[in-house]
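First up is the structure itself, then whatever we jot down about it.
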Amino acid sequence: MHASVEQPHGEQDVQPLLVVRDLQAYYRTSHAGVRRAIRAVDGVSFAVRRGEIYGLAGESSSGKTTLIKSIAGAIKPPLEIVGGSMEFAFLPGYGGLHRAPPAQVERIRWRHLSYIMQGSMNVLNPVRRIRCSFTDFAYPHIGGSRQQFEQQVVAHLSRVRLDPSVLSAFPHELSGGMRQRAALALATICRPGFIIADEPTTALDVVVQKEVLGMIRGIQRETGSSVLFVTHDMGVHAHITDRLAIMYAGRLVEEAATAEIFRNPLHPYTQNLIASLPRIGEDAPRAGLGGAPPNLADPPSGCRFHPRCPLAREICSREVPVMREAGAGHRVACFAVNGDDGA
Amino acid sequence: MNDLLLDVRDVSKTFVRGGLFSREEIVAVNKVSLQLAAGRPEILAIIGESGSGKTTLARMILNMVTPTSGRLLLDGTDLAAISGSAGRIAFMHKVQPIFQNPFESFNPLKRVERYLLMTRRRFAAAAGGSTAATAVDAALHKVGLSLKEVGGRYPHELSGGQLQRVAIARALLAEPKLIVADEPVSMIDASLRISIVNLFRTLRDELGISIIYITHDLATAYYISDRILIMQKGSVVESGDARAVLTAPRHPCTRQLREAALLPQIAGGGANASGTTQVI
Amino acid sequence: MVVFLRDLLRYRAEFRIGLVLVAVVLLLSVLASFSPYPPDSVYVVPPDLPPSLTYWFGTTSRGQDVFWQLSFAIRNTLLFGGTVALVSRLVALAVGLVSGYKGGWIDRALMSVNDTFIVIPLLPVLVLFYFVMRDRISWLMLALIMACFGWAYDARLIRSVVMSLRQREFTQTSLFSGMSTRQVLTDEHLPYVVPILFSTTMNNMVWSIGLEVTLAVLGFTDINIPTIGGMIYWANQHTAMVAGIWWWIAFPTIAVIMAFIGLFLLAVSVNAHIDPRSRLWNVGEAS
Amino acid sequence: MSGYAGYVGRRLAQFLLVVFIGINIAYVITHASPIDPVEQSISAVTSFGNTAPDAIEQMRRSLRELYGLGGTPVQQYLAFWKRILSADFGPSLSAFPTPVGTLIGRALPWTAGLLTVSTLIAWVLGNLLGGLAGYYRQSRGLKLMGVIAMGLHPIPYYILAMLLLILFGFIWPVLPISGGATMNLPQTLTPEFVWSVLQHAILPALSLILIGVGSWFLGMRSLVANVLAEDYVVYAELAGVRSWRILTSYVMRNALVPQVTGLAMSLGGIFNGAVITEKVFGYPGLGSLLVDAVYAGDYGLVLGVTTISILGVSVGVLAIDLLYPLLDPRVKVS
C-alpha cells in the first residue's frame with residue numbers, strides 16, 4: 001500500500017508549506033520483557049498550504065496529539081518515527097525536524113514554526129514575569145535593542161487587546177482568558193510561517209473561546225501564516241478552519257474544505273459524527289455510533305473503522321483503504337465510497 | 001408537600017478563604033430557588049460558565065455541600081435534617097450522582113462491578129426476587145452493556161464511554177427518583193457522546209427518573225432538556241422552557257452565551273465566511 | 001498488594017538490594033536467640049582477639065565475642081527502631097487522617113502543631129531528658145519519647161494523600177453506593193495509604209536508630225543493654241581504635257550501615273513505585 | 001502587598017508557636033523528673049573534686065531558684081518563663097561562677113558559623129548536582145553520584161563523622177581532628193588564626209556537607225524529573241529556548257521552590273547533626289558545650305543550650321520563611 005500526496009488540487013504553482021508523507025509514529029515500550037508497539041499514527045499523508053487554517057479532528061485516541069508531536073519534533077522515547085517524512089518548505093531536504101541538525105532546528109523554532117499548546121494555562125513559567133517569557137522565546141530571533149524589542153512586544157500585545165502592564169505580571173496574576181491571550185501573543189510575536197495550535201481553546205469558557213478564536217483568525221490573516229489547528233470540537237472547526245481532515249485510530253479517513261465536510265461528508269465515520277452532533281433549533285433525535293474506538297496496540301485489520309461501520313463489507317477487514325480523490329479537493333479512504341479497487 | 005420532588009428555596013453558599021489574617025468571602029451560589037415536580041419526570045439543564053456556581057449548586061442538591069442559608073427539600077425531607085446512616089441511605093435511595101470524569105468515578109485499584117453489587121445490596125436488596133448478579137446485569141442492559149462485558153474488569157480496561165455507562169447503571173441500581181449529572185459527557189468522545197445523552201432521555205421516558213443536567217454546552221442542553229436554568233456568578237439569570245430560552249434568549253447574559261456558542265454547522269451559504277485562499 | 005510487591009521485586013533494583021541488606025541484618029538479629037553467652041556478661045572469652053575461625057568477628061577488651069554481642073546489639077537496635085516506628089505511626093496516622101478528612105480549622109490547628117514538631121531540634125531535648133532521668137532512663141522510655149517527636153513529618157504526608165483521596169470522584173461514588181465512612185476508609189483509601197505508611201516506617205526507623213546510636217555513643221542511654229551505639233560507646237571507652245582493636249568498631253558500624261542503606265532503599269523504591277511520573281520515566285528508559 | 005503582610009503574620013504566629021511549645025516541652029521534661037534534680041546535680045558536680053561547703057550551699061540555693069522549685073505549680077511555671085525571657089540561666093556549675101549566658105555567647109559563633117556555611121554549601125551543591133542529574137539523566141558520572149548519594153544520605157551524622165575521624169586521624173593524618181583553632185593562637189583576625197579556623201572546620205563541615213549534599217541531591221533529582229514534565233518546560237523546549245536557560249530559569253528555578261521549604265523543615269535535623277559532629281571533633285560550639293554540661297551535671301547550662309537551640313533553629317526557619325516569597329511569587333495568593 002502506498003499513499004501518494006499529489007500536489008494540492010488545482011494549485012500546482014503554490015508549493016505547500018508542510019507536506020506529510022506516509023508518516024508512521026509508534027510508541028514502543030518493553031514492559032516485563034513484552035515488547036509492544038502502539039501504532040498511534042500509521043500512514044498519514046496530507047499537505048498544509050500557505051495561508052490556510054488546516055483543521056485536524058479526532059477523538060481522544062485517534063493519534064492527533066502524536067501527529068503534532070511528531071511534526072513539532074517533540075519526539076522523546078517511547079515515541080519513535082518509524083517511517084515517512086514531514087517536510088517544511090522552510091526546512092527543505094530533511095524530511096522532518098527530528099532529522100535536521102540541531103542548529104537548523106533551533107534557528108527555525110519560533111521564527112518559522114511556533115506552537116499554541118493544549119492547556120495553555122500552564123505554558124507560562126509560573127515564577128517568571130511575562131516579560132521574561134517574551135525575552136526567552138522571541139528575543140534571540142528578533143534581536144535589536146531591548147527598547148525596540150519591548151516596543152514591538154507592546155504593539156503586538158495590543159493586537160490581542162492586552163495592556164502593556166501584563167509584561168510585569170506573573171502568570172498567576174492574570175485571568176484564564178488573559179493568560180491564553182498572552183500565550184497567543186507569545187506564539188505569534190515572531191510572525192511565524194507555521195503555527196501548530198493544539199486544542200488552544202478547549203479549557204476556556206465559550207465567550208472567551210470565541211474571542212480568542214477571533215484573534216487567532218485575525219493574526220493569521222495579517223501575517224499570512226499557515227495554521228495546523230487540532231481540536232476534537234467540531235463546532236470550533238466549523239468556525240475557524242478552511243480545510244478539515246478527520247482522523248480515526250491513527251489514520252486519516254477524510255479530508256476536504258471544512259464547509260464540504262459539514263455539508264457532504266462521505267466517510268461513514270464522518271457522516272455519523274456530523275449527524276450525531278446536536279444543534280440548537282433542530283429537534284430531531286440523533287443516533288450515535290455503536291462500539292468504541294479501537295485499542296491501538298492491537299488495531300483491527302484492514303480498515304480500522306470496519307467493526308463499527310454500518311457499510312462494512314468483506315474487503316474492509318482484509319485490506320487498508322487509501323485516501324482517494326472523491327470530488328474536487330475531497331479525499332476519502334473508504335471502499336464503500338471509492339469502490340473495491342481502492343486498494 | 002409531596003407534590004414536589006425537589007424544592008430548593010433561596011439557597012446560598014459562601015466559601016471563606018484564608019484564615020486569621022486575610023479573610024476573603026466568595027459567594028458561589030446566591031439565593032437560588034428551583035423546583036422539580038413529583039410524578040412528572042423532566043430533564044432540567046443548569047447552564048453556566050466556570051465559576052457560575054452550577055457545580056456548587058449540584059453538590060448542595062447531592063448533600064455534599066451544606067448551604068450557608070436557605071433550605072433544600074427532597075421529597076419533603078429537609079436535607080439539613082438527614083443524619084445517621086439510615087437517613088443517608090434513604091436519601092441516596094432517592095438521589096444519585098453522575099460525575100464528569102468517568103476515569104475518576106471508580107477506584108482504579110478495584111473492579112468496577114464492586115460498586116454495582118454494593119449499590120444493589122445497599123439499596124434494593126429488599127426488592128428481592130432476582131439475585132444481585134441478575135439485577136446488576138439487568139441494569140447494565142438498560143445502558144447497553146452486560147455483566148459479561150464489564151464483570152472482572154478494572155476501570156483502565158474500559159473506555160470512557162463504557163465507564164460512564166457503568167456509572168449510570170450503578171446509579172440506576174439505587175432506583176433513584178432523581179439523578180444529578182455534572183458535565184456527564186464533556187469528557188466523552190464525540191462519536192459516543194450522543195448515545196449517552198440519549199440514554200438520559202430514555203431514563204426519563206421509560207424509568208420516570210428526573211435528571212438535573214449540569215453543563216456548559218448549549219447544544220446538548222437544547223437537545224435533551226425540558227427546562228433550562230442559566231446561571232451567572234452564583235445567580236440564576238434566566239430560566240424557563242428550554243426551546244424558548246435558547247431560541248429567543250431575553251437576558252443579555254444568555255444572549256451572549258448563545259452567540260458565543262460555536263455550533264457544528266457552517267454559517268450562511270459560502271465557505272467559511274472568510275473566503276480565504278480556496279473556495280471550492 | 002501481591003502484584004505491587006511482585007512488580008517492585010521485578011522492576012526495582014533498589015528494592016532488591018534493600019531487601020537483601022535488610023534480610024542479612026535481620027538474620028543476624030535472629031541469631032541472637034542462639035547465642036552461647038548471655039548478652040550482659042563480660043569476660044566470657046579471651047579479650048582482644050582478632051577475627052579468627054573461632055571468633056569470627058574477634059573479641060572485645062571486655063572479653064565478649066563481637067559476633068554474638070553484635071547480634072544482640074542489632075536485635076535491640078532494630079527492636080528500638082521498630083517500637084519508635086510503630087508508636088509514631090499510630091500518632092502520624094491519627095493526626096494525618098483526622099487532619100485530612102476533617103479539614104477546616106481542625107486541620108489548620110493540627111498542622112500548626114505538626115509543623116512545630118518538625119522544626120524543634122530533638123537532640124538537645126533528648127539530652128535534656130537524659131540529664132533529668134540519668135540512670136533511670138530505659139530504652140522503652142527513650143523509644144516512647146522519640147515516638148512523641150517522630151510522627152510530624154509523616155503525618156503531613158499522610159494528610160496530603162488523604163486530602164487528595166477525599167477529593168477524588170471515586171470516593172463520592174463509593175459513598176453513593178451506600179458504603180459507610182469506615183468502609184470507604186478501609187476498602188477504598190487504605191490501599192493508597194499503606195505504601196506511604198510502609199515507606200515512612202522505613203525512613204522513621206533510619207531516623208530513630210540514627211538518633212539512638214548518637215545518644216548511645218555519648219553514653220546518654222541505658223548502656224547496659226547492648227545496642228549498636230552501646231557497643232561503639234564501650235569500644236570508645238576502651239580506646240579501641242588507638243589500641244588497634246578495630247574489629248570492635250568496624251563490625252557494628254558495617255552492620256548498622258547495612259541496616260540504614262537497606263531500610264532507606266526499601267523506602268525509596270516503594271516511594272518511586274507509587275509515583276506515577278517516575279513510573280513513566282522507567283518506561284522511557286526501558287525502551 | 002496585604003497578601004504579603006498576611007503571609008508574614010502567619011509565619012510569625014507559627015514562629016511564636018514553635019518557641020512556645022518548645023519551651024513548654026523543656027519545662028515538662030525538667031519538672032517531670034522523679035528524682036530531686038538539685039541534689040543530683042550537686043552530687044554530680046561535687047564528685048569531680050573538692051568544692052568548698054559554702055560554695056555548695058550557694059549552688060544549692062541558686063539551683064533551687066533556677067529549677068523554680070518553690071511555690072505553687074503556677075508560680076513555678078511563671079518563674080520558669082521569666083528566666084527564659086530574661087535569658088538568665090544563672091551561673092554555670094561546671095565553670096562556676098561564669099554565667100551560663102557568657103559560655104553560650106562564646107560557643108554560639110562557632111556553631112552558627114559552622115552550621116550556616118556547611119548548610120549553605122550542602123544545599124547549593126546538592127541542588128546544583130541533583131538538578132543536573134535530573135536534567136542530564138544519561139550522564140554516567142551523575143548516575144554514579146546518585147548511587148553514592150543513596151549510600152551516604154541514610155548514614156547518621158555520628159557514623160560518618162567517626163569514619164572521617166578514622167580516615168583523617170589514623171589512616172591519613174593530614175587534617176586537624178580536634179578543636180576549633182590551634183590552641184595557643186590569639187583569637188584575633190590574623191591570617192594565621194583564620195587559616196587555622198578554616199583548617200579545623202574542614203572535617204566537621206565535611207561530615208555535615210557530605211550527608212547534606214546526599215539528601216538535597218536525591219530530593220532535587222526527583223523534583224526535576226517532575227518539573228520536566230510540566231507544560232512550561234515542554235513549551236520552552238518547543239520554542240527553541242536555549243537549553244542552559246531552560247535548565248536554569250525553567251527547570252531548576254521551579255524545582256528549587258519546594259527545596260527551600262525543605263531546608264526550613266530540616267533545620268532541626270541539621271542542628272542535631274551539628275551537635276554530634278562538634279562533639280566528635282571537639283569543636284568548641286554549642287554541641288560540645290551541651291554534651292560536656294551533661295557530663296558535668298550543669299543544669300543551667302543544659303537548659304540554656306537547649307533553649308537557645310530551639311530559639312536559634314526557629315529563627316532560622318522564620319528567616320527562610322520570610323525570604324520564601326522572593327522565590328515563589330504565588331505565595332501571596334494561597
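No experiment lies behind these values; they were computed from the predicted model shown. Below, each value reflects all heavy atoms present in this structure, side chains not excepted, and no hydrogens, waters or symmetry copies.
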Should we count CZ of Arg99(A) as having more than 12 external heavy atoms under 6.0 Å?
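More than 12 within 6.0 Å, yes.
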Heavy-atom pairs under 4.5 Å with chain A, option from Val257(D), Val241(D), Val233(D) with the top count
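Between Val257(D), Val241(D), Val233(D), the count favours Val241(D).
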Of all the heavy-atom pairs spanning [X] and [Y], show the shortest one and how long it is.
X: Ala74(A); Y: Leu238(D); value: CB-CD2, 3.6 Å
X: Pro126(A); Y: Pro329(D); value: O-CG, 3.7 Å
X: Asn122(A); Y: Asp231(D); value: O-CB, 3.4 Å

Can any side-chain N or O of Asn254(D) pair as donor or acceptor with the backbone N or O of Asn125(A) at less than 3.5 Å?
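Between the backbone of Asn125(A) and the side chain of Asn254(D) there is no qualifying donor-acceptor contact (under 3.5 Å).
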Could you tell me how the ring of Trp110(A) sits relative to the ring of Tyr235(D): parallel (under 30°), tilted (30 to 60°) or perpendicular (over 60°)?
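Ring orientation, 0 to 90° scale: perpendicular.
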Check each atom of Ile246(D) against the heavy atoms of chain A and say whether the ones under 4.5 Å are side chain, backbone, both or neither.
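Looking at Ile246(D), nothing touches chain A.
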Got Tyr115(A) and Val234(D) here, is their nearest side-chain heavy-atom distance under 4.5 Å?
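No, too far: nothing below the 4.5 Å cut-off.
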Residue pair Tyr250(D) / Arg128(A), side-chain heavy-atom distance below 4.5 Å:
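Tyr250(D) vs Arg128(A): side chains touch.
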Please classify the contact of Leu97(A) with chain D as side chain, backbone, both or neither, using a heavy-atom distance under 4.5 Å.
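Neither part; nothing is under 4.5 Å.
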Distance from Cys132(A) atom SG to Arg253(D) atom CZ, nearest 0.5 Å?
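Separation between the atoms: 10.0 Å.
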Do Arg109(A) and Glu237(D) sit within salt-bridge range, that is, some charged N less than 4.0 Å from a carboxylate O?
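Here Arg109(A) does not pair with Glu237(D) in a salt bridge, since their nearest N and O are not under 4.0 Å apart.
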